[in-house]
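Remarks on the structure that follows.
Throughout, protein chains are lettered first and strands after them, A, B, ... in sequence-line order, and every chain is numbered starting at 1. The figures here come from the full heavy-atom set of this structure, side chains too, leaving out hydrogens, waters and symmetry mates. Computed from a prediction, not measured in an experiment: that's the story for all the values here.
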Protein chains: 2
Amino acid sequence: MVLSKACTYGILATLYVAKENKEFVPIRELSDELHISFHFLTKILQQLTAQGLLISLKGPKGGVKLAKDPATITYYDVIRAIDGDEVFTECVLGLPGCGHEAPCPIHEFWSPTRDLLKTTFVSQSLEESAYQINELKLRLSLGHWNLEEE
Amino acid sequence: MVLSKACTYGILATLYVAKENKEFVPIRELSDELHISFHFLTKILQQLTAQGLLISLKGPKGGVKLAKDPATITYYDVIRAIDGDEVFTECVLGLPGCGHEAPCPIHEFWSPTRDLLKTTFVSQSLEESAYQINELKLRLSLGHWNLEEE
DNA sequence: AATTTATCAGACAAATTAGTCTGATTAAAA
DNA sequence: TTTTAATCAGACTAATTTGTCTGATAAATT
């Protein structure tokens with residue numbers, strides 16, 4: 001698995017918030033719509049709040065919102081806040097100190113692939129995805145299509 | 001993490017066997033040289049034996065050897081035998097049924113990246129890496145360099 | 001001021017992955 | 001034929017990730 005579940009949940013939630021484009025979305029709404037455990041999602045979003053990607057508000061009318069313009073937040077930002085950037089920097093075989101000077105047997109081939117992996121997430125902003133979600137009516141929910149309520 | 005630890009251990013072990021190029025390498029030698037837990041590695045190599053990538057022999061002069069010409073075994077073969085091929089097929093956001101007809105918001109961008117990921121592992125054989133290990137004296141061990149014995 | 005609705009904090013449980021251990025089995029060598 | 005050296009089988013433990021729960025805190029409404 002490239003991304004942890006916590007990380008994919010974090011991405012789905014920030015995408016939802018980006019597409020809604022309103023003040024403070026309650027986590028309960030996110031967990032209901034995306035079919036993610038409320039308490040688990042709460043913990044994940046607290047991380048994103050602590051990292052400065054989200055702003056939260058307690059009480060009625062509370063919830064979370066993006067801390068910045070969604071055009072300036074990339075998938076990479078969210079991934080790094082939850083999973084760290086090890087997946088984009090570490091040796092795929094786990095050899096300590098693997099690099100150009102002391103490469104593992106596939107370093108030379110893995111390195112460009114790893115770079116593309118990073119570029120893929122760096123070059124996509126939440127706004128671009130939010131636009132596509134709205135335009136193309138893309139779903140974000142983890143629920144299976146034929147179990148979706150209308 | 002792209003590959004599980006079990007998977008990286010399996011790759012390192014098969015690479016070691018490929019570079020040694022002799023009949024039946026004992027797992028004890030592999031675990032000592034690669035600094036991997038003997039019992040854990042044993043279980044992993046049993047999987048590879050069950051999957052037909054390795055042949056094992058009990059008793060003195062026993063151990064494991066490659067079941068085929070290392071030129072015909074790819075990293076992808078080993079990865080699939082241990083981790084399965086989900087990492088090469090599933091949605092990076094975990095959305096069930098994500099695909100061309102019902103894409104997730106980054107399907108279009110993730111898809112080629114995922115393809116390169118697979119291609120990277122499909123196009124590298126154990127023999128090619130074994131050759132490089134021998135020629136360039138590349139290390140396989142998980143031990144840190146300054147802790148290595150001579 | 002009291003109530004309601006939300007996040008925050010942290011303990012706890014379950015599931016998965018990683019790692020350990022003991023004994024059974026098998027094959028070669030003495 | 002006995003001993004020895006290896007894998008095989010499976011139970012067990014530890015660590016990490018995932019998920020659940022309860023209460024404290026804060027902000028808006030009544």
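Residue A:Glu86 contributes atom CD, which lies 14 Å from atom P of D:dT16 at whole-angstrom precision. Rounding to whole angstrom units, NZ of residue B:Lys61 and P of D:dA5 are separated by 12 Å. Across the protein-nucleic acid pair, A:Ile44 atom CD1 and D:dT17 atom P stand 13 Å apart, rounded to whole Å. The CZ atom of B:Arg28 sits 15 Å away from the C1' atom of D:dT4 (whole-angstrom rounding). Here C:dC12 presents its P atom at 13 Å from NZ of A:Lys43, a figure rounded to the nearest Å. Atom NZ of B:Lys65 and atom P of C:dA27 are 14 Å apart (whole Å). Taking atom CZ of B:Phe38 as the reference point, atom P of D:dT7 lies 5 Å away to the nearest angstrom. In this structure, A:Phe24 places its CZ atom 16 Å from P of D:dA26, rounding to the nearest Å.
Closest to the A:Pro26 side chain, of the nucleotides D:dT20, C:dA27, C:dT7, is C:dT7.
Side-chain nitrogen and oxygen atoms of A:Lys5 include none within less than 4.0 Å of the OP1 or OP2 phosphate oxygen of D:dT17. OP1 and OP2 of C:dT7 both lie 4.0 Å or more from every side-chain N or O belonging to A:Thr42. For D:dT7, neither phosphate oxygen OP1 nor OP2 lies less than 4.0 angstrom from any side-chain nitrogen or oxygen of B:Thr49. The shortest distance between the side-chain N/O atoms of A:Tyr9 and the OP1/OP2 oxygens of D:dG19 is below 4.0 Å. Close to D:dC8, at under 4.0 Å from its OP1 or OP2, lies a side-chain N or O of B:Ser56.
Checking side-chain atoms of A:Glu29 against main-chain N and O of A:Pro26 turns up no donor-acceptor pair under 3.5 Å.
When A:Leu3, A:Leu30, A:Ile44, A:Leu45 are each tested for a side chain to side chain contact (heavy atoms under 4.5 Å, CB included) with A:Tyr9, only one passes: A:Ile44.
The residue among B:Gly59 and B:His39 whose nearest nucleotide of DNA chain D lies closer to the 5′ end is B:Gly59. Both B:Lys58 and A:Phe40 sit near DNA chain D, but only B:Lys58 has its closest nucleotide nearer the 5' end.
Within the 4.0 angstrom heavy-atom criterion, only backbone atoms of the sugar-phosphate kind lie near A:Ile27; the bases stay farther away. Looking at heavy-atom distances under 4.0 Å, A:Leu45 makes no contact with the nucleic acid at all.
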Show your reasoning for whether side-chain contact (heavy atoms from CB on, under 4.5 Å) applies to B:Phe121 and A:Trp110. CA-CA 9 Å; B:Phe121 294 123; A:Trp110 174 247; 3.7 Å; yes
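By the salt bridge (Lys or Arg N to Asp or Glu O under 4.0 Å) test, B:Glu127 pairs with no residue at all, sequence neighbours left out. Considering only residues two or more places apart in sequence or on other chains, A:Thr49 meets the side-chain hydrogen bond (donor to acceptor under 3.5 Å, both in side chains) condition with none of them.
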